[in-house]
Trainee: 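Quick one: the structure is below, questions incoming.
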Amino acid sequence: MAKGLQAIDNLIRRLEVVQEVLADNSLVQEILTRNEGLIVALNTENQLEEKGVNSLGIGIHTYAPYSPKTVYLKQKKGQPWNRVTLRDTGRFHQSFRLQFTQEGFIITSDSDLTPELVNKYGPNIFGLTPESKGYLIRSIILPELLTEINKRLL
């Protein structure tokens, strides 16, 4: 019977370690900080550039499509013109950053273009779609959390 109680005590100690790791948001923030470039790329490259969608998954063109002049210039530059990407020189996309909040994080930009683009296309040009959030959680956060938990359990 003593072995059974010892096994239960070991399990309780291991669960306490897991609880400690998960209760401390600093580890998740550290993981997010290490992966800021990937998170920003999910917003800028995957959503805006490749799909032309905002964080709600709605096509940005529905707010204000490109003008015929912009379509012409985009075609001339060899850039996507059939969706709004909010990318011309790349300066705006390069200005995206993570900002941590009590609830987690938001994606922001300190570009001088930000007020005009938010006014025209809405604040949801920043942030991750549910699909991108799922990828972030499954492919980045969870594996790194599990690695850290396993290190602490050993």
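Predicted model, so just to flag it, every value in this text is computed and none were measured. All heavy atoms count here, side chains included; hydrogens, waters and symmetry mates do not.
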Trainee: Any sub-3.5 Å donor-acceptor pair from Thr147's side-chain atoms to Pro143's backbone N or O?
Mentor: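 Flag set: sc Thr147 to bb Pro143 pair under 3.5 Å.
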Trainee: Where is the tightest heavy-atom contact between Arg83 and Lys51, given as atom of each residue plus distance?
Mentor: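 So the minimum-distance heavy-atom pair works out to CD-C, 3.8 Å.
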Trainee: When rounded to the nearest 0.5 angstrom, what distance separates CG in Leu27 from CG in Leu32?
Mentor: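 Spacing of CG (Leu27) from CG (Leu32) equals 9.5 Å.
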Trainee: State whether a side-chain donor-acceptor pair under 3.5 Å links Tyr135 with Asn46.
Mentor: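 There is no such pair (donor and acceptor under 3.5 Å, judged by atom type) between the side chains of Tyr135 and Asn46.
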Trainee: Do Asn35 and Glu144 get their side chains close enough for a donor-acceptor pair, meaning under 3.5 Å?
Mentor: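 The answer is yes; a qualifying pair exists.
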Trainee: Grab the two heavy atoms, one from Thr85 and one from Tyr66, that are nearest each other, plus how far apart they are.
Mentor: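 Shortest heavy-atom contact: N-OH, 3.0 Å.
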Trainee: On a heavy-atom basis, which atom in Leu128 and which in Ile39 lie closest, and how many Å separate them?
Mentor: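 Closest approach of Leu128 to Ile39, heavy atoms only: CD2-O, 3.8 Å.
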Trainee: Side chains of Gln47 and Ser132: any donor to acceptor distance under 3.5 Å?
Mentor: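 There is such a pair (donor and acceptor under 3.5 Å, judged by atom type) between the side chains of Ser132 and Gln47.
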Trainee: Starting from Val71, can I reach Leu48 by hopping between I/L/V/M/F/W/Y residues whose side chains sit under 4.5 Å apart?
Mentor: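 Yes: a chain of side-chain contacts under 4.5 Å links Leu48 to Val71.
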Trainee: Within this structure, what is the CZ-CD1 distance for the pair Arg13 and Ile8, rounded to the nearest 0.5 Å?
Mentor: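 If we round to the nearest 0.5 Å, Arg13:CZ and Ile8:CD1 are 12.0 Å apart.
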Trainee: Look at the side-chain heavy atoms of Ile, Leu, Val, Met, Phe, Trp and Tyr, link any pair under 4.5 Å apart, and say whether Ile60 and Leu56 land in one connected group.
Mentor: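 In one cluster with Ile60: Leu56, yes.
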Trainee: Flag yes if more than 12 heavy atoms outside Arg14 fall under 6.0 Å of its CZ atom; otherwise flag no.
Mentor: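 No, not enclosed.
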Trainee: For the backbone of Leu86 and the side chain of His93, can you confirm whether one donor and one acceptor N or O come within less than 3.5 Å of each other?
Mentor: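 Flag set: sc His93 to bb Leu86 pair under 3.5 Å.
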Trainee: Which distance, rounded to the nearest 0.5 Å, do you find between the OG1 of Thr129 and the CG of Asn124?
Mentor: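 CG of Asn124 is found 11.5 Å from OG1 of Thr129.
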Trainee: Report yes or no: do Ile107 and Ile58 belong to one cluster of Ile/Leu/Val/Met/Phe/Trp/Tyr joined by side chain heavy-atom distances under 4.5 Å?
Mentor: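 Yes; tracing contacts between hydrophobic side chains, which count when under 4.5 Å, links both residues.
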Trainee: Measure across Ser109 and Ser95 and return the closest heavy-atom pair with its distance rounded to 0.1 Å.
Mentor: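 So the minimum-distance heavy-atom pair works out to OG-OG, 2.5 Å.
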Trainee: Can you classify the ring geometry of Phe100 versus Phe105 as parallel (below 30°), tilted (30 to 60°) or perpendicular (above 60°)?
Mentor: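 Correct class here is perpendicular.
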Trainee: Could you state whether Val118 and Tyr121 fall into the same hydrophobic cluster, counting links through intermediate Ile, Leu, Val, Met, Phe, Trp or Tyr residues with side-chain heavy atoms under 4.5 angstrom apart?
Mentor: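 Looking at the clustering, Tyr121 is in the same group as Val118.
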Trainee: What do you reckon, is CD of Glu131 surrounded by more than 12 foreign heavy atoms closer than 6.0 Å?
Mentor: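 Not buried by this count: 12 neighbours or fewer within 6.0 Å.
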Trainee: Is it the case that the side chain of Asn150 and the backbone of Leu146 share a donor-acceptor pair, with hydrogens and angles ignored and the cut-off at 3.5 Å?
Mentor: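 Pair found, side chain donor or acceptor close to backbone of Leu146.
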Trainee: Group every Ile, Leu, Val, Met, Phe, Trp and Tyr by side-chain heavy-atom contacts under 4.5 Å, then state whether Val40 and Ile106 land in the same group.
Mentor: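 They do not share one cluster, since no chain of ILVMFWY contacts under 4.5 Å joins Val40 to Ile106.
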Trainee: So which heavy atom on Pro80 is nearest to which on Lys74, and how close?
Mentor: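 Nearest pair, atom of Pro80 first, then Lys74: O-CD, 3.3 Å.
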Trainee: Work out which heavy atom in Phe92 is nearest to a heavy atom in Phe126; give both atom names and the distance.
Mentor: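 Result for this residue pair: CZ-CZ, 3.8 Å.
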Trainee: A quick test of your reading: do over 12 heavy atoms of other residues, nucleotides or ligands sit less than 6.0 Å from CD of Glu116?
Mentor: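 Open.
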Trainee: Keeping Arg87 on the side-chain end and Val84 on the backbone end, is there a donor-acceptor pair under 3.5 Å?
Mentor: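 The answer is no, because no donor-acceptor pair under 3.5 Å joins these two groups.
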Trainee: Does Glu36 reach the main-chain N or O of Leu98 with its side chain, forming a donor-acceptor pair under 3.5 Å?
Mentor: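 Side chain of Glu36 to backbone of Leu98, a donor-acceptor pair under 3.5 Å: yes, one is there.
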Trainee: Measure the spacing between CG of Asn119 and OH of Tyr63 and express it to the nearest 0.5 Å.
Mentor: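 These two atoms lie 13.5 Å from each other.
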Trainee: Keeping Asn43 on the side-chain end and Ile125 on the backbone end, is there a donor-acceptor pair under 3.5 Å?
Mentor: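 Yes, because the side chain of Asn43 sits within donor-acceptor range (under 3.5 Å) of the backbone of Ile125.
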Trainee: Would you mind checking if Lys151 and Glu148 are paired as a salt bridge, meaning a charged N to carboxylate O distance below 4.0 Å?
Mentor: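 Answer for the salt bridge query: yes.
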Trainee: Given side chain to side chain contact (heavy atoms under 4.5 Å, CB included), test Asp88 with Thr70 step by step and report yes or no.
Mentor: CA-CA 10 Å; Asp88 183 29; Thr70 301; over 6 Å; no
